2 protein chains.
Amino acid sequence: METILPKFDSVFSIDCVIFGFDEGELKVLLIERNAEPFKDWWALPGYLVEQDESLDTAAERILYELTGLKGIYMDQFYTFGDVNRHPQGRVVTVGYYAMIRLSGNKELKPVPVTDYARKAVWKPIAELPNLAFDHDQIFGRAFGKIRTRISYQPIAFELLPEKFTLTQLQHLYEVILNKKLDKRNFRKKMLNYGILKELDEKQRGVSYRAAKLYKFDKRKYARLFQKELSFGK
Amino acid sequence: METILPKFDSVFSIDCVIFGFDEGELKVLLIERNAEPFKDWWALPGYLVEQDESLDTAAERILYELTGLKGIYMDQFYTFGDVNRHPQGRVVTVGYYAMIRLSGNKELKPVPVTDYARKAVWKPIAELPNLAFDHDQIFGRAFGKIRTRISYQPIAFELLPEKFTLTQLQHLYEVILNKKLDKRNFRKKMLNYGILKELDEKQRGVSYRAAKLYKFDKRKYARLFQKELSFGK
DNA sequence: ATTACTTAGTGTAAAAAATACACCCTATCT
DNA sequence: AGATAGGGTGTATTTTTTACACTAAGTAAT
């Protein structure tokens with residue numbers, strides 16, 4: 001007996017939620033759609049997966065084509081499969097997210113393989129417009145994910161420039177966690193993690209006392225992942 | 001301009017990783033396949049999603065049809081989309097998991113809608129056979145998920161009978177975390193969570209001093225979710 | 001009834017981590 | 001020289017985590 005796979009009109013897609021941090025604001029990368037449905041709406045960068053590419057590969061390709069961002073490693077966070085989430089048929093979409101350094105990546109150059117999107121833009125999450133399809137929901141889940149994750153893994157570095165000050169780092173935490181933190185306790189804890197390398201360099205171009213710059217120590221960071229519930233011994 | 005969705009021969013499926021705890025062992029629910037490919041192999045309960053059902057609905061239905069377990073709430077944990085994961089074509093599968101009370105659910109009665117599976121069986125994870133497709137990988141990721149999750153959320157109750165002793169609870173933690181825990185510290189911590197209700201009842205049928213039974217207090221539990229990273233103030 | 005056996009149940013001291021809290025320092029600008 | 005703005009620092013208290021070992025209670029066998 002041999003089972004043959006049915007041929008459904010099913011299709012799957014990827015949607016990417018890319019977070020960036022710039023000018024003290026947390027931003028997300030959106031495209032302006034140039035195709036129906038939802039023509040002219042803002043949407044998360046996303047497109048259909050090809051037959052011969054894995055989800056991870058597709059995510060990287062799609063992000064590149066729509067925004068020009070190259071080689072961005074993304075994590076899958078959830079798959080959205082409501083029957084009517086796409087008005088033209090059944091489309092199950094796999095959500096991916098990444099937090100990236102925005103400096104140097106400010107220039108977005110979509111590869112014009114299609115006229116599917118008009119442009120890609122960084123939008124502050126504080127002023128997020130309504131998004132196409134169920135993208136509000138997808139964004140919300142991704143944001144929840146990074147908020148939870150930053151609470152037990154020091155992952156905020158991914159969003160900062162290579163060299164950053166402790167105050168910048170703290171601001172970022174405050175934006176994501178949406179609350180004020182105590183400066184001394186924050187510094188104590190961060191430095192205690194032992195994943196910051198103090199540099200011999202200072203901030204430049206500020207009109208007040210320049211702060212020390214730090215860099216994030218990848219090797220030590222790798223060891224730190226995941227605290228486990230402990231009951232002693 | 002109107003985009004029309006292409007008709008690919010793409011298909012998606014659900015695979016379920018259902019954990020149970022019985023006789024001191026952590027078990028997972030498997031089916032014995034009765035169809036090609038991988039006929040006669042053990043596999044996770046899983047099947048194709050219909051055109052007109054959401055992923056969550058499909059998961060519940062498929063689990064029911066293959067194992068007889070009804071109304072099990074499952075969480076989605078990852079979507080597997082390697083190009084060649086299914087020998088007959090492109091099948092992207094969405095992984096769901098649940099931890100359930102095994103008592104009373106011991107009787108598995110697959111609904112014989114297909115001859116796709118021969119039977120469903122609880123297998124101790126210590127003696128897991130090689131599974132069909134990439135189900136080893138799917139299982140592994142689900143197991144990692146519950147292990148991580150139990151480390152910061154007291155979710156182990158879902159696996160225990162309604163009334164349980166602290167020693168049973170500790171054994172379960174030890175099995176999932178794969179390490180010995182200290183009895184006094186474990187009890188102190190668990191009772192401190194304030195989500196256990198001590199009953200006026202004792203264990204029965206044991207040939208030694210009977211332990212007190214506890215019940216898990218749902219209301220208090222709901223408040224406990226997610227600790228946040230704190231920097232004071 | 002005594003004894004042997006098995007698991008239940010309990011407390012404390014030490015160390016580590018988290019918290020609350022406020023002032024002086026230093027570079028820049030005028 | 002003075003004003004401004006953010007940089008940078010310490011300590012005492014509380015809470016949490018950890019290490020560690022014996023007695024109590026019930027059952028079963030004689």
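Remember, it's a predicted structure, so these values are computed and weren't measured experimentally. Residue numbers begin at 1 in each chain, while the letters A, B, ... track the order of the sequences.
In this structure, B:Leu191 atom CG and C:dG9 atom C1' are separated by 11 Å, rounded to whole Å. Taking atom CZ on A:Phe186 and atom C1' on C:dT19, their separation rounds to 16 Å, with Å as the unit. For B:Met190 and D:dT17, the CE to C1' distance is 15 Å, given to the nearest whole Å. When rounded to the nearest whole Å, the span between CG of A:Asp182 and P of C:dT19 equals 10 Å. Distance NZ (A:Lys202) to P (D:dG6): 17 Å, rounded to an integer number of Å.
Of the candidate nucleotides C:dA8, C:dC21, C:dG11, C:dC21 has the atom nearest to the side chain of A:Asn185. Closest to the B:Lys189 side chain, of the nucleotides C:dG11, C:dC29, D:dT17, is D:dT17. The side chain of A:Tyr208 lies closest to D:dG6 when the candidates are D:dC20, D:dG26, D:dG6.
The base of C:dT12 is paired with the side chain of B:Lys188 by a donor and an acceptor separated by under 3.5 Å. Judged by distance alone with a 3.5 Å cut-off, no donor-acceptor contact links the side chain of A:Lys212 to the base of D:dG8. With hydrogens and angles left out, the side chain of A:Asn192 and the base of C:dA17 share no donor-acceptor pair within 3.5 Å.
Comparing A:Arg184 and A:Arg209 by the nucleotide of DNA chain C whose heavy atom lies nearest to each, the residue mapping closer to the 5' end is A:Arg184. Closest-nucleotide positions on DNA chain D for A:Ser207 and A:Lys183 were compared, and the one nearer the 5' end corresponds to A:Ser207.
A donor and an acceptor atom, one from each side chain of A:Ser54 and B:Asp82, are nowhere located under 3.5 Å apart. Side-chain contact of B:Thr148 with B:Ser151: a donor-acceptor pair under 3.5 Å is absent, judged by distance alone.
Taking the charged nitrogens against the carboxylate oxygens, A:Glu127 and A:Lys123 have no contact shorter than 4.0 Å, which rules out a salt bridge.
Residue contacts shown for B:Thr165 are absent, as no nucleic acid heavy atom lies under 4.0 Å away.
Checked against the 6.0 Å centroid criterion, the rings of B:Tyr96 and B:Phe77 do not qualify as a close aromatic pair.
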